[in-house]
Amino acid sequence: MNKILIIDDEEKIRTLLSRIIGLEGFEVFQASDLKNGKKRLEVSDIDVVICDVKLPDGSGVEFSKFIKDKYPSLEIILLTAFGNIPDGVQAIKNGAFDYITKGDDNNKIIPLVYKAIEKVALNKRVLQLEKQLGNKYSFDAIIGRSKQIRSAIESGKKVAVTDATVLLTGETGTGKEVFSQAIHNASNRSKQNFVAVNCSAFSKELLENELFGHKAGAFTGAIKDSKGIFEEANNGTVFLDEIGEMPLDLQAKLLRVLESGEFLKVGDNKATKVNVRIIAATNRDLEKEIEAGNFREDLFYRINIFNISLPSLRERVSDIEELAHYFLKNFSLKTGKKINSISQEYLEALKHHPWKGNIRELRNVIERSVILTDGSELELTSLPSDFQNVNSNISDNKSLSAFSLASAEKIQIQKTLNYTKGNKAEAARLLEIGIATLYRKIEEYKIS
């Protein structure tokens, strides 16, 4: 049952409105002033407030602003003894649903209440969707309990509450865009736009237009002014994915945005000012790109204020099982299949795969398996052949002879890891093997 609160210092008006509205099946509450109205709002889930403009302890016009700030889904209808255009305009600006004159508009009150109730239902739905979206792109939604991913999440939470520029680094498919959205949603800009662009997806000319927009007549076909993503994201966040592939002359324009908060649209000679936070991401080594002359050193230092390195899936093998179950649930729902478990052989094969495409590759593998599976469990046979071959090798090497080459290899890897104090990247370098190979052999030989 929808709840209506009537705030008016005239008892006869309150009683009359309560009777009219109550006959429609609404639950009606009354208050003689703003103080008691606020108390009622705190204890009852009110949907619509009908409030007099002039009350003993304040103005209904100002009260409407208080209500919309504290109870954004609630709607307020203001009543006045005498129509006043400036008050009416201010009431609407403050968020009031409508502003009507007492007595003359009694026959309009019920249709107006119903319209306000419809708006309340819409408001609640929007707030629910915003909450769901916020949860989807929050740090809590990032899957994994490994030390590496938890460390990255903690760093993200700390920088999110600042306005610092962030550089996300890591291999392709490690979830850089998910991280950037989580940082945005945990920041004080979360109610503003988050706009992402992949710098490698456009030619130089198209990327410039995408970033900065253009003035009418700037080029053939530019019949009207167009906003770029910096203008669209004003007061919000811009995510520049694959920034290492941005052309050098556009890097100079980006540097100007970072240093002065302004830029020139294509074909314009007047600067446009914006207030945006920039989160950049790359899978390239930008310091090597600087040495090669492909990236500006001054821009690197401006975007590298706070760096978060996202771990590859090889570095967080312990998270693979949880991620696999998460993707299984999603794709089972999507396809309408009742697949609710994963065999141990399947999981072992996943854990011994090098994952060059990281989480994105894992997601694709699970989707493929769901499509191929007819039963209720993902089994090894639904994986590509290279996964099954790795699993076969694991089984063959479970028992190592003291004189076997594999045994010697295991001992050598263990000694090297002891020497590097567990630094796998350094151990791989000394052993002259790839880091993916080292991780696979650590798992294969059960090296601690």
Side-chain angles (χ1 to χ4, degrees), residues 136-139 141-144 148-149 151-187 189-190 192-202 204 206-208 210-212 228-230 232-233 236-248 250-251 253-255 257-258 276-290 292 294-316 355-363:
K136 181 181 179 182
Y137 294 118
S138 70
F139 285 112
I142 295 174
I143 296 169
Q148 293 87 341
I149 197 65
S151 175
I153 288 171
E154 287 307 309
S155 296
K157 287 179 177 179
K158 288 177 181 177
V159 75
V161 295
T162 74
D163 243 1
T165 302
V166 180
L167 177 62
L168 302 173
T169 55
E171 296 177 11
T172 183
T174 49
K176 294 186 281 293
E177 185 163 357
V178 172
F179 246 80
S180 67
Q181 289 175 318
I183 291 170
H184 170 74
N185 282 358
S187 74
R189 297 176 183 260
S190 59
Q192 306 300 323
N193 286 343
F194 171 90
V195 187
V197 63
N198 188 324
C199 298
S200 65
F202 299 91
K204 172 191 165 298
L206 287 176
L207 181 59
E208 182 175 13
E210 188 77 9
L211 294 174
F212 307 116
I229 67 166
F230 279 106
E232 291 286 355
T237 303
V238 170
F239 174 56
L240 299 173
D241 199 7
E242 303 302 346
I243 194 172
E245 299 191 34
M246 181 181 284
L248 279 167
L250 291 189
Q251 291 178 29
K253 288 196 169 190
L254 175 59
L255 185 62
V257 177
L258 284 162
V276 295
R277 180 187 199 167
I278 292 177
I279 301 174
T282 183
N283 58 16
R284 294 190 177 191
D285 185 333
L286 291 186
E287 292 186 10
K288 287 184 178 178
E289 294 297 316
I290 292 169
N294 298 326
F295 202 82
R296 292 178 63 108
E297 188 172 17
D298 48 2
L299 177 59
F300 173 72
Y301 290 123
R302 285 295 283 114
I303 63 172
N304 197 37
I305 293 172
F306 196 94
N307 176 260
I308 301 176
S309 178
L310 300 187
S312 66
L313 205 49
R314 298 181 301 280
E315 297 173 271
R316 43 183 297 215
W355 298 115
K356 294 179 181 178
N358 293 290
I359 299 169
R360 189 182 296 120
E361 184 187 357
L362 174 62
R363 178 185 181 277

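The shown structure was predicted, so the numbers you read here are calculated from the model rather than taken from an experiment. Values reported hereafter were calculated over all heavy atoms of this structure, with side chains retained and with hydrogens, waters and symmetry mates removed. For this chain, numbers begin at 1 and follow the sequence in order.
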Applying side chain to side chain contact (heavy atoms under 4.5 Å, CB included) to Asn294 and not counting sequence neighbours gives Glu289, Ala292

So, the side chain of Glu361 versus the backbone of Lys356: is there a donor-acceptor pair under 3.5 Å, distance only?
-> yes

Are the side chain of Asp285 and the backbone of Glu287 linked by a donor-acceptor contact shorter than 3.5 Å?
-> yes

Look at the side chain of Gln148 and the backbone N and O of Pro311, then say whether any donor-acceptor pair between them is shorter than 3.5 Å.
-> no

Closest approach of Leu168 and Ser180, non-hydrogen atoms and distance?
-> CD1-N, 3.9 Å

Minimum side-chain heavy-atom gap Ile359-Arg316 below 4.5 Å = yes

Rounded to the nearest 0.5 Å, how far apart are CG of Asp241 and CG of Asn283?
-> 8.5 Å

Indicate the atoms forming the closest heavy-atom contact of Ala164 with Val159, along with that distance.
-> CB-CG2, 4.1 Å

Does Gln251 use its side chain to pair, donor to acceptor, with the backbone of Arg296 at less than 3.5 Å?
-> yes

Mark yes or no for whether Asn358, through its side chain, and Leu313, through its backbone, hold a donor-acceptor pair below 3.5 Å.
-> yes

When the ring planes of Phe139 and Phe179 are compared, do they come out parallel, tilted or perpendicular, using 30° and 60° as the limits?
-> perpendicular

Give a yes or no on this: more than 12 heavy atoms of other residues, nucleotides or ligands lie within 6.0 Å of atom NZ of Lys204.
-> yes

Kindly say whether Leu250 contributes a backbone atom to a donor-acceptor pair with the side chain of Glu208 at under 3.5 angstrom?
-> no

Does a sphere of radius 6.0 Å around CD in Glu232 hold more than 12 heavy atoms from other residues, nucleotides or ligands, not counting ones at 6.0 Å or beyond?
-> yes

Any side-chain heavy atom of Leu211 sitting closer than 4.5 Å to one from Leu240?
-> yes

For Arg284 and Thr282 the tightest heavy-atom approach is N-OG1, 3.0 Å

Find the distance between OG1 (Thr237) and CD (Gln192) and round it off to the nearest 0.5 Å.
-> 9.0 Å

Look only at the side chain of Lys176 and the backbone of Leu167, and say whether a donor-acceptor pair between them is shorter than 3.5 Å.
-> no

How many angstroms lie between atom CZ of Arg314 and atom CD of Glu171, to the nearest 0.5 angstrom?
-> 4.0 Å

Val197 and Phe202: which non-hydrogen atoms are nearest, and at how many Å?
-> CG2-CE1, 3.7 Å

What is the minimum heavy-atom distance between Ala233 and Val195, and which atoms define it?
-> CB-CG2, 3.7 Å

When rounded to the nearest 0.5 Å, the distance separating CG of Asn198 from CE of Met246 is 10.5 Å

Sort out for me which residue in Val257, Ile278, Leu258 forms a side-chain contact (heavy atoms from CB on, under 4.5 Å) with Arg302.
-> Leu258

Which pair of non-hydrogen atoms, one from Leu254 and one from Phe212, has the smallest distance, and what is that distance?
-> N-CZ, 4.3 Å

Distance in Å, Asn304 CG paired with Leu299 CG, rounded so as to fall on 0.5 Å steps | 10.5 Å

Do the rings of Phe239 and Phe194 sit parallel, tilted or perpendicular, given the 30° and 60° boundaries?
-> parallel

Side chain to side chain contact (heavy atoms under 4.5 Å, CB included) filter on Ser155, not counting sequence neighbours, yields Phe306, Ile308

OG-CG distance between Ser151 and Leu310, expressed to the nearest 0.5 angstrom = 10.5 Å

Enclosure of Lys158 NZ (heavy-atom neighbours >12, cutoff 6.0 Å) | no

Is the backbone of Val166 close enough, under 3.5 Å, to the side chain of Arg277 for a donor and an acceptor to pair up by distance?
-> no

